[in-house]
Structures are given as C-alpha cells and as structure tokens.
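Position 1 is the first residue of the sequence; numbering continues from there. Just so you know, these numbers use all the heavy atoms, side chains as well, and skip hydrogens, waters and symmetry mates.
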Amino acid sequence: MTARLLLTLLFSLSMMPTKAQVFWTENFNSGTGWNLNVVMGTEGLDPNFFTISAAEGGGITPNLGAPSSCGVANNGNNTLHVTSVWNPTGGASYDAGGLCGLLTCPLTNRRAESPIINCSGKSNMTLSFNMIHNGQGSIDNAVVWFTTNGFATTLPVPAIPKTLTGCGGQGLWTSHSIAVPAACNNSSSVQFAIQWVNNDDGVGTDPSFAIDDIALSTSTAVNTITCSAPANALCACYSYNVPYVAVGTFNAGNTFSVELSDAT
C-alpha cells in the first residue's frame, strides 16, 4: 500500500520579498530637536539661513505639477527651508547676492542637523522626503550628509536633484529617496544634515531648498518557508524526513507540519 505526501507550501519564491517598515518620521509640526544653521565655512554678513515655518507650506501631494504641488504659504504645515535676511518670511526664496558692499552680503555655507536617531537593529535603510530644490547648479545648492559620530566625520550620498520651477518662482514639491550608507547600519547614533551653500555672484533662481514629510525606513524580509521535494510515493509506516528552510522572524512556539493523504 502506498500513499502520497502532499505539502502545503506557505511561501515558494525564488527571491525573498521585502517590505518597507518606517521607524522614524519628521514633519516639522512639533518639537523637532534639529540644530539649525551650523556654520561650515566662510559667510557674508547677511547669509541665507534655515528656518522652520509654514512660510513655505508643506503637506502638499508631490509630483502632480502646478497648481496641485505648489507650496501654499502659511497653510499651517511647517517645513524646513532656506530663506533670506531681507525677506525672512518669504519661504524658500533666497538672496543670490551681487550687491555686497552696496546692500546685503549673502555668501552662505551652513547646514541643518537632524536629532540623533536610534537605528539599532536596522539595515538596508532608505531616507525619503518631499522637497523643493533649485538655486544655481552646484554653486547655489543643497546636499545631504550622514554621520554616526556627531559629524566628526560625514558620509556623503548621491546629489539630490533639482526640481521644476513654477508657482511664482517657488518650485514644485517632488518626492525623493536616498539609500542610507551601509556604515549607518545598526547604529544608535545616526544623524543626517542638509547643507546649503551659495556664493555672492548674483546669479541663481528661486526656490532655494525646502523639505517636508521625512521618513526613515528599513527593508525587512517577508517570512518564507521552502521545502525540498519529497519522494513521489511512500509506503505505510515509512519514515521520511522533509528538509525545509524557514527564513525571517518566527516565534519560539511556531510549529511547522505536513499532512499525509491517501492516493485519492
């Protein structure tokens, strides 16, 4: 007498699927803990500066084009953005210079630093956010840095792109994601910073830079169970080992079982 072994395969995938788990967010609408305007180099007497306010209103669905993605000033949704001494409530509008000695000297080189983020047990992380970004090429420009040691050293990431202009010169909100450097994996002291620089040549186009709805996430594997193919037929009372591999996070009390049916 023979019987066939039928297995219910819970997951049978050649590649283990992943999903994003968000573990840290920032929307600038409550106590943020950011260290704003850390000077990084030579500046003029009237540098552009980071501020947190709704003057460049956020909370806008990105990538839809004008007018849906345009920032709405003073809409109650704060953002972090670069503004100017001569128009501090103008949102992400900066002073490109060109009049030093006659009016303002806005030469700028400073950054805004995030609070310390505990990434213990986290790897394959992604930083995502909505942003507005223009200026002048890499001369008037924003960059992102990571650190695990209080900015004693920094870890660069690829340049963030410029966004489309419009909305009265203030630009269109756009979504962007950055792969967090692997050196930040499993660190309890991760920080990132946005650095803004601009010279004093009078050339540059608003907007400067604005950021909102920041999220740090990690790619976690979905639990998978794979089995080796059993023999086509088994005799009654015959012992057979079913090799299997369980990958992911399981509880200590989880039980894996197979069922044996008759020939029909």
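Donor-acceptor pairing under 3.5 Å is recorded for the side chains of Gln195 and Asn109. Using a 3.5 Å distance cut-off with no hydrogens or angles, the side chains of Ser175 and Asn130 do pair a donor with an acceptor. Counted by atom type alone, Ser93 and Asp206 present one or more donor-acceptor pairs between their side chains at under 3.5 Å. A donor-acceptor pair shorter than 3.5 Å cannot be found between the side chains of Asn198 and Tyr94.
Cluster membership for Val180 and Trp24, using ILVMFWY side-chain heavy atoms within less than 4.5 angstrom, is shared. Cluster annotation: Phe129 and Leu36 are assigned to the same hydrophobic cluster (Ile/Leu/Val/Met/Phe/Trp/Tyr, side-chain heavy-atom contacts under 4.5 Å, transitive). Cluster annotation: Trp145 and Val197 are assigned to distinct hydrophobic clusters (Ile/Leu/Val/Met/Phe/Trp/Tyr, side-chain heavy-atom contacts under 4.5 Å, transitive). Criterion: ILVMFWY side-chain heavy atoms under 4.5 Å apart, direct or through other members. Under it, Leu127 and Leu155 are part of a common hydrophobic cluster.
Two residues are said to be in side-chain contact when any heavy atoms from C-beta on lie closer than 4.5 Å; His133 and Asn141 meet this criterion. Two residues are said to be in side-chain contact when any heavy atoms from C-beta on lie closer than 4.5 Å; Ile194 and Phe50 meet this criterion. Within the 4.5 Å cutoff, the side chain of Pro106 has no heavy atoms near those of the Trp86 side chain. Contact of the Thr51 side chain with the His81 side chain is registered, since non-hydrogen atoms from C-beta on lie closer than 4.5 Å. Put simply, the side chain of Thr163 does not reach to within 4.5 Å of the side chain of Trp173, judged on heavy atoms. Side-chain contact between Thr174 and His176 is absent, with no heavy-atom pair separated by less than 4.5 Å. The shortest distance between side-chain heavy atoms of Val157 and Pro181 falls below 4.5 Å. Put simply, the side chain of Ile117 reaches to within 4.5 Å of the side chain of Leu216, judged on heavy atoms.
In this structure, the side chain of Asn75 engages the main chain of Gly58 through a donor-acceptor pair within 3.5 Å. When atom types are taken as modelled, the side chain of Thr25 and the backbone of Ala215 share no donor-acceptor pair closer than 3.5 angstrom. For the pair Asp200 (side chain) and Leu107 (backbone), a donor-acceptor distance under 3.5 Å is absent. A donor-acceptor contact shorter than 3.5 Å links the side chain of Ser208 to the backbone of Val82. Using modelled atom types, one side-chain atom of Thr147 and one backbone atom of Thr153 make a donor-acceptor pair closer than 3.5 Å. Using modelled atom types, one side-chain atom of Gln191 and one backbone atom of Ser114 make a donor-acceptor pair closer than 3.5 Å. Remark: the backbone N or O of Ser189 is not paired with any side-chain donor or acceptor of Thr148 at under 3.5 angstrom. Panel note: side chain Asn186, backbone Gly121; a donor-acceptor pair is recorded below 3.5 Å.
Screening Ile211, Val143, Val144 for a side chain to side chain contact (heavy atoms under 4.5 Å, CB included) with Ile160, the sole residue that qualifies is Val144.
Between Phe146 and Phe192, the ring planes are tilted. Angles from 30° to 60° get that label.
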Criterion disulfide bond (SG atoms under 2.5 Å apart) on Cys119 and Cys184, from CA distance to verdict | CA-CA 8 Å; Cys119 297; Cys184 295; over 6 Å; no

Trace of the side-chain contact (heavy atoms from CB on, under 4.5 Å) decision for Val38 with Phe151 | CA-CA 11 Å; Val38 179; Phe151 294 101; over 6 Å; no

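Closest approach of Asp212 and Phe28 over heavy atoms only: OD1-CD1, 4.1 Å. Annotation for Thr83 and Gly90: closest pair OG1-N, 4.1 Å, computed over non-hydrogen atoms. Across all their heavy atoms, Pro47 and Arg110 have their closest contact at CG-NH2, 3.3 Å. Closest heavy-atom contact between Lys162 and Gln136: NZ-N, 4.2 Å. Closest approach of Thr205 to Asn134, counting heavy atoms only: O-ND2, 3.2 Å. Across all non-hydrogen atoms, the minimal contact from Gly76 to Ala54 is N-CB, 3.8 Å.
A distance of 9.0 Å separates CD1 of Ile214 from OG of Ser128, quoted to the nearest 0.5 Å. Between the CZ atom of Arg111 and the CE atom of Met40 there is a distance of 3.5 Å, given to the nearest 0.5 Å. The line from OG1 of Thr108 to CH2 of Trp196 is 8.5 Å long, rounded to the nearest 0.5 Å. For the atom pair Ile132 CD1 and Ile60 CD1, the distance stands at 8.5 Å (nearest 0.5 Å). How far CG of Asp140 is from CG of Asn199: 5.0 Å, rounded to the nearest 0.5 Å. Atom OG of Ser84 and atom CG of Asp46 lie 9.5 Å apart (nearest 0.5 Å).
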